[in-house]
Participant: 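Below is a structure I'd like to ask you about.
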Amino acid sequence: MVKGTLYIISAPSGAGKSSLIQALLKTQPTYDMQVSISHTTREKRPGEVEGEHYYYVGVDEFKRLIAEDAFLEYAEVFGNYYGTSKAKIERVLSQGIDVFLDIDWQGARQVREKMPQSRSVFILPPSKDELVRRLQGRGQDSDEVIAGRMDKAVREMSHYDEYDYLLINDDFDLALYDLKAIVRSERLRLDRQKLRNEALISKLLAD
């Protein structure tokens, strides 16, 4: 069986990466692609489901997994740990399922080091003004918080050239089309097509 591809997707807050990933998944069956599910030490929130939103573990368990080098990447955010299980990712990929990992540039560096065969995509907004407009449109943050998010966004965007692909999310439908095209082109790579069509190629080249 042809292994799935691990896609690393990064973008500043407000660029639309989560919406693009979810829209892409709605066009594909679950046996074709999935979003990576992280481990976390934070408490489960109402409505969240174990194994669907996160794998919930205690701090001691998480640190044990760190010591065992069980994570492709991990980080501490506001006092809680979040991490991507290497074994779980590899298990899904071995079933021929593509996996999408929504992480920042620092986590992306960790993953690429451990899984150089992964593919990475960075998503940019069409302008700073549009990014501010999207953040304001959420109606969740004060002007001060949005200013902080913009400072962080500029720092994140400076790492765009570390990625394999670059998308500009100006028109959502076009950006989704481009993301689909990336996945399609990766599936048509020679090494993957040779494995997938080995029997056909043998017949075509037989004397």
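Just so it is clear, the model here is predicted, and its values are computed rather than measured. All heavy atoms count here, side chains included; hydrogens, waters and symmetry mates do not.
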Participant: Indicate yes or no: at least one non-hydrogen side-chain atom of Ser120 is less than 4.5 angstrom from one of Asp164.
Facilitator: yes

Participant: Are any of the side-chain nitrogens in Arg187 or Asp32 under 4.0 Å away from the carboxylate oxygens of its partner?
Facilitator: yes

Participant: Could you check whether any side-chain N or O of Ser36 sits under 3.5 Å from a backbone N or O of Phe100, counting only pairs where one atom can act as donor and the other as acceptor?
Facilitator: no

Participant: Is Asn197 reaching over with its side chain to a backbone N or O of Leu200, donor-acceptor style, under 3.5 angstrom?
Facilitator: no

Participant: Any side-chain heavy atom of Tyr7 sitting closer than 4.5 Å to one from Met33?
Facilitator: no

Participant: Main chain of Asp69, side chain of Lys86: is a donor-acceptor contact present, judged purely on distance under 3.5 Å?
Facilitator: yes

Participant: Cut-off 3.5 Å, side chains only: do Gln193 and Arg196 have a donor facing an acceptor?
Facilitator: yes

Participant: What's the spacing between Arg149 CZ and Ile146 CD1 if we round to 0.5 Å?
Facilitator: 8.5 Å

Participant: Applying a strict under-4.5 Å side-chain criterion to I, L, V, M, F, W and Y, I'd like to know whether Ile168 and Val154 cluster together.
Facilitator: yes

Participant: Around atom CD of Glu113, are there more than 12 heavy atoms of other residues, nucleotides or ligands at under 6.0 Å?
Facilitator: no

Participant: Between atom CG of Leu167 and atom CG of Asp178, what is the distance when rounded to the nearest 0.5 Å?
Facilitator: 5.5 Å

Participant: Dump the intermediate steps for side chain to side chain contact (heavy atoms under 4.5 Å, CB included) on Asn169 and Arg134, then the final yes or no.
Facilitator: CA-CA 12 Å; Asn169 186 14; Arg134 292 177 186 177; 3.9 Å; yes

Participant: Can you give me the closest heavy-atom contact between Leu93 and Met115, atom names plus distance?
Facilitator: CD1-CE, 3.6 Å

Participant: With side chain to side chain contact (heavy atoms under 4.5 Å, CB included) as the criterion, how do Val132 and Met150 come out once you've worked through the C-alpha distance, each side chain's angles and the decisive distance to 0.1 Å?
Facilitator: CA-CA 7 Å; Val132 170; Met150 285 301 299; 3.6 Å; yes

Participant: Distance from Lys180 atom NZ to Ser185 atom OG, nearest 0.5 Å?
Facilitator: 14.5 Å

Participant: Can you name the nearest heavy-atom pair linking Asp98 to Thr5, along with the distance?
Facilitator: OD1-N, 2.7 Å

Participant: Looking at Arg64 and Glu68, is there a salt bridge between them, counting it only when a charged N and a carboxylate O are closer than 4.0 Å?
Facilitator: yes

Participant: Consider only side-chain heavy atoms of I, L, V, M, F, W and Y, link residues closer than 4.5 Å, and tell whether Phe172 and Leu135 are in one cluster.
Facilitator: no

Participant: Could you report the tightest heavy-atom contact between Pro116 and Arg119, atom names first, then the distance?
Facilitator: O-NH1, 4.4 Å

Participant: Does Glu144 have more than 12 heavy atoms from other residues, nucleotides or ligands lying within 6.0 Å of its CD?
Facilitator: no

Participant: Do Glu48 and Tyr56 have a side chain donor and acceptor closer than 3.5 Å?
Facilitator: yes

Participant: Looking at Asp143, I'd like to know if its CG atom is crowded, meaning that more than 12 non-hydrogen atoms belonging to other residues, nucleotides or ligands lie closer than 6.0 Å.
Facilitator: no

Participant: Do you know which two heavy atoms are closest between Ala153 and Leu131, and how far apart they sit?
Facilitator: CB-CD2, 3.8 Å

Participant: Determine, using the 4.5 Å side-chain heavy-atom cutoff (strictly less than), whether Ile97 and Leu6 are members of one ILVMFWY cluster.
Facilitator: yes

Participant: Check the surroundings of atom CD in Glu61: do more than 12 heavy atoms from other residues, nucleotides or ligands lie under 6.0 Å from it?
Facilitator: yes

Participant: Does the cation-pi check pass for Arg112 over Tyr163, that is, NZ or CZ under 6.0 Å from the six-membered ring centre and within 45° of its axis?
Facilitator: yes

Participant: Can you tell me if Lys114 has over 12 outside heavy atoms packed within less than 6.0 Å of its NZ?
Facilitator: yes

Participant: Measuring from Asp104:CG to Ile9:CD1, what's the distance to the nearest 0.5 Å?
Facilitator: 13.5 Å

Participant: Check the side chains of Asp102 and Ser18 for a donor-acceptor pair under 3.5 angstrom, ignoring hydrogens and angles.
Facilitator: yes

Participant: Give a yes or no answer on whether the side chain of Ser10 reaches the backbone of Ile103 with a donor-acceptor pair at less than 3.5 Å.
Facilitator: yes

Participant: Could you state whether Ile123 and Leu176 fall into the same hydrophobic cluster, counting links through intermediate Ile, Leu, Val, Met, Phe, Trp or Tyr residues with side-chain heavy atoms under 4.5 angstrom apart?
Facilitator: yes

Participant: Is it the case that the side chain of Ser38 and the backbone of Tyr54 share a donor-acceptor pair, with hydrogens and angles ignored and the cut-off at 3.5 Å?
Facilitator: no

Participant: Would you say the side chain of Arg109 lies within less than 4.5 Å of the side chain of His159, judging by non-hydrogen atoms?
Facilitator: yes

Participant: When rounded to the nearest 0.5 angstrom, what distance separates OH in Tyr160 from CG in Leu124?
Facilitator: 8.5 Å

Participant: A side-chain contact here means heavy atoms from C-beta on lying under 4.5 Å apart; do Leu24 and Val183 qualify?
Facilitator: yes

Participant: State, to 0.1 Å, how close Met157 and Pro12 come at their nearest heavy-atom pair, and which atoms those are.
Facilitator: CG-CG, 3.7 Å

Participant: Looking at residues at least two apart in the chain, or sitting in another chain, which of them share a ring-ring contact (aromatic ring centres under 6.0 Å, His included) with Phe71?
Facilitator: His39, Phe62

Participant: How far does CG of Leu72 sit from CD of Gln110, to the nearest 0.5 angstrom?
Facilitator: 9.0 Å

Participant: Are Trp105 and Tyr165 joined in one hydrophobic group, where the rule is that I, L, V, M, F, W and Y side chains link up if heavy atoms are under 4.5 Å apart?
Facilitator: no

Participant: Return the minimal non-hydrogen interatomic distance between Glu156 and Ala11, and the atom names on each side.
Facilitator: OE1-O, 3.7 Å

